[in-house]
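Everything quoted here is computed from the prediction, not taken from an experiment.
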Amino acid sequence: MTVSDNDSQGSSAAPALPALAFYGKMLTFSRLQFSTDDLSAIDAQLAATLSNKSSNIPILIDSEVEQDLSALVELLWSWGLQPIGVVTGTLDAQAREQRLAIFPADGKRIERILPSKKAAAQVSKAPDDKHTESASINSTSNNSDSTNDTAAISESNTETTIATTTAETLVSAEHITSLIYDQMLRSGQSLNHVGGDLILTNSVNSGAEAITDNSLHVYGRAQGRLVAGATGDKDARIFCQVFNPSLVSVAGTYCLRDNLPEHVIDKSVQVRFVEGEGLVFTVMDDA
């Protein structure tokens with residue numbers, strides 16, 4: 001914002017924007033597991049699996065056998081797939097040489113980037129972006145529209161973000177704790193808490209999302225997108241009083257509304273991840 005001075009011919013310059021800002025976003029991409037380094041066999045499998053070469057699907061390479069990573073990446077691109085990184089293991093060195101991301105193995109947490117100064121969670125409006133799913137934006141301390149929401153969802157020692165648009169800012173603090181949120185999470189809002197359980201005493205409306213790296217508790221009606229263990233914690237769980245989400249995810253394994261077991265809809269439900277089984281849904285009234 002530029003501040004004008006009517007008594008002078010000049011105007012003060014706008015405050016300099018930071019050179020960069022860290023943002024978070026929920027993304028869905030495919031993970032390709034390779035059991036061979038035979039590129040011909042891989043090419044044949046892709047030909048039998050894919051119907052075209054223009055899917056532009058971002059994928060993660062997961063291989064327990066040594067690969068010629070450069071040749072594999074070229075092959076995948078030729079089929080319209082977009083490798084963004086590898087699961088840590090035998091391909092780490094080659095991935096670094098090619099500047100590909102290295103993702104943690106199953107059950108491992110992604111390390112957070114912590115700023116040197118403590119920052120409290122804040123609420124404000126962010127630029128509209130129809131292609132993103134979750135977000136938060138920092139607000140100025142004199143933004144009256146965000147003051148009430150900020151007081152309700154945040155303490156200075158909690159890493160939490162909420163927004164009514166679709167971009168999510170990384171917020172961090174020295175001390176991290178679980179968060180109790182008493183307001184209804186409305187359509188278009190995203191509540192992201194890192195470092196402890198996220199406990200919602202009200203409802204999550206359709207079109208909203210609640211995300212935490214630990215366990216998620218919803219004591220109202222749970223619609224929208226529910227994400228627990230967002231950084232890979234397979235011990236995380238989701239507990240809902242009235243379960244009817246559009247998406248549910250634990251430790252990166254997700255299930256859409258159409259694939260949910262019918263007997264758990266609108267029931268009191270626990271969701272957990274079990275190795276070899278995926279997501280397990282338990283009606284707590286029957287437990």
Side-chain angles (χ1 to χ4, degrees), residues 24-33 35 49 57-62 64 84-85 87-88 103-110 112 132-134 168 178-179 181 185 187 189-287:
K25 177 182 173 183
M26 285 184 61
L27 295 173
T28 299
F29 51 85
S30 299
R31 175 169 167 173
L32 286 184
Q33 292 183 312
S35 58
T49 304
I57 300 173
I59 60 100
L60 182 62
I61 297 172
D62 182 5
E64 295 183 356
I84 61 173
V87 175
T88 186
F103 288 77
D106 288 340
K108 302 297 183 180
R109 297 165 64 94
I110 299 175
R112 299 192 311 278
T132 56
E133 287 188 37
S134 69
E168 173 185 296
S178 297
L179 172 75
Y181 182 66
L185 204 57
S187 178
Q189 290 185 313
S190 174
L191 181 60
N192 189 335
H193 180 67
V194 176
D197 285 7
L198 176 56
I199 303 166
L200 289 84
T201 62
N202 213 315
S203 296
V204 179
N205 284 355
S206 179
E209 63 184 13
I211 307 170
T212 177
D213 64 338
N214 284 51
S215 293
L216 174 64
H217 309 253
V218 184
Y219 290 100
R221 185 172 179 82
Q223 298 176 291
R225 295 179 290 275
L226 311 177
V227 179
T231 55
D233 185 358
K234 292 185 177 181
D235 293 325
R237 301 190 181 193
I238 296 176
F239 302 91
C240 298
Q241 195 73 23
V242 182
F243 185 74
N244 193 4
S246 59
L247 177 148
V248 61
S249 172
V250 177
T253 298
Y254 69 91
C255 182
L256 298 176
R257 172 64 176 80
D258 291 344
N259 297 321
L260 292 175
E262 284 299 324
H263 73 279
V264 304
I265 302 300
D266 290 334
K267 298 294 181 60
S268 179
V269 172
Q270 174 189 177
V271 186
R272 59 195 174 98
F273 176 84
V274 176
E275 196 71 48
E277 297 183 36
L279 297 183
V280 175
F281 302 84
T282 304
V283 178
M284 290 188 286
D285 292 342
D286 298 338

Close side-chain approach of L60 and F103, heavy atoms under 4.5 Å: yes

From H193 atom NE2 to Y181 atom OH, the distance as rounded to the nearest 0.5 Å: 13.5 Å

Non-hydrogen side-chain atoms of S246 and L256 separated by less than 4.5 Å: no

Expected output: side-chain T212 to main-chain V194 donor-acceptor under 3.5 Å: no

With V264 via side-chain contact (heavy atoms from CB on, under 4.5 Å) - residues at least two apart: F243, P261, V269, F281, V283

V87 backbone acceptor or donor facing D62 side chain under 3.5 Å: no

Beyond-backbone contact of N214 with L198, side-chain heavy atoms, under 4.5 angstrom: no

Beyond-backbone contact of Q189 with N205, side-chain heavy atoms, under 4.5 angstrom: no

Pairing residues for S215 by the side-chain contact (heavy atoms from CB on, under 4.5 Å) criterion, not counting sequence neighbours: D197, H217, A236, R237

Worked verdict on R221 versus N202 for side-chain contact (heavy atoms from CB on, under 4.5 Å): CA-CA 7 Å; R221 185 172 179 82; N202 213 315; over 6 Å; no

side-chain contact (heavy atoms from CB on, under 4.5 Å) assessment of L179 paired with I199: CA-CA 6 Å; L179 172 75; I199 303 166; over 6 Å; no

Inter-residue atom distance L226.CG - S249.OG, 0.5 Å rounding: 9.5 Å

I211 and L191, any side-chain heavy atoms less than 4.5 Å apart: no

Contact check, side chains of T253 and L279, non-hydrogen atoms, under 4.5 Å: yes

Residue pair Q223 / N244, side-chain donor-acceptor N/O under 3.5 Å: no

side-chain contact (heavy atoms from CB on, under 4.5 Å) assessment of R225 paired with Y254: CA-CA 10 Å; R225 295 179 290 275; Y254 69 91; over 6 Å; no

Check ion pair D235-R272 (N to O, under 4.0 angstrom): no

Closest contact, heavy atoms only, D213 versus G195: OD1-N, 2.9 Å

Steps toward side-chain contact (heavy atoms from CB on, under 4.5 Å) verdict (E275, K234): CA-CA 9 Å; E275 196 71 48; K234 292 185 177 181; 2.7 Å; yes

Min side-chain heavy-atom separation V271-C240 under 4.5 Å: no

Inter-residue atom distance L185.CG - S203.OG, 0.5 Å rounding: 10.0 Å

Check: V227 and L216 side chains under 4.5 Å, non-hydrogen atoms: no

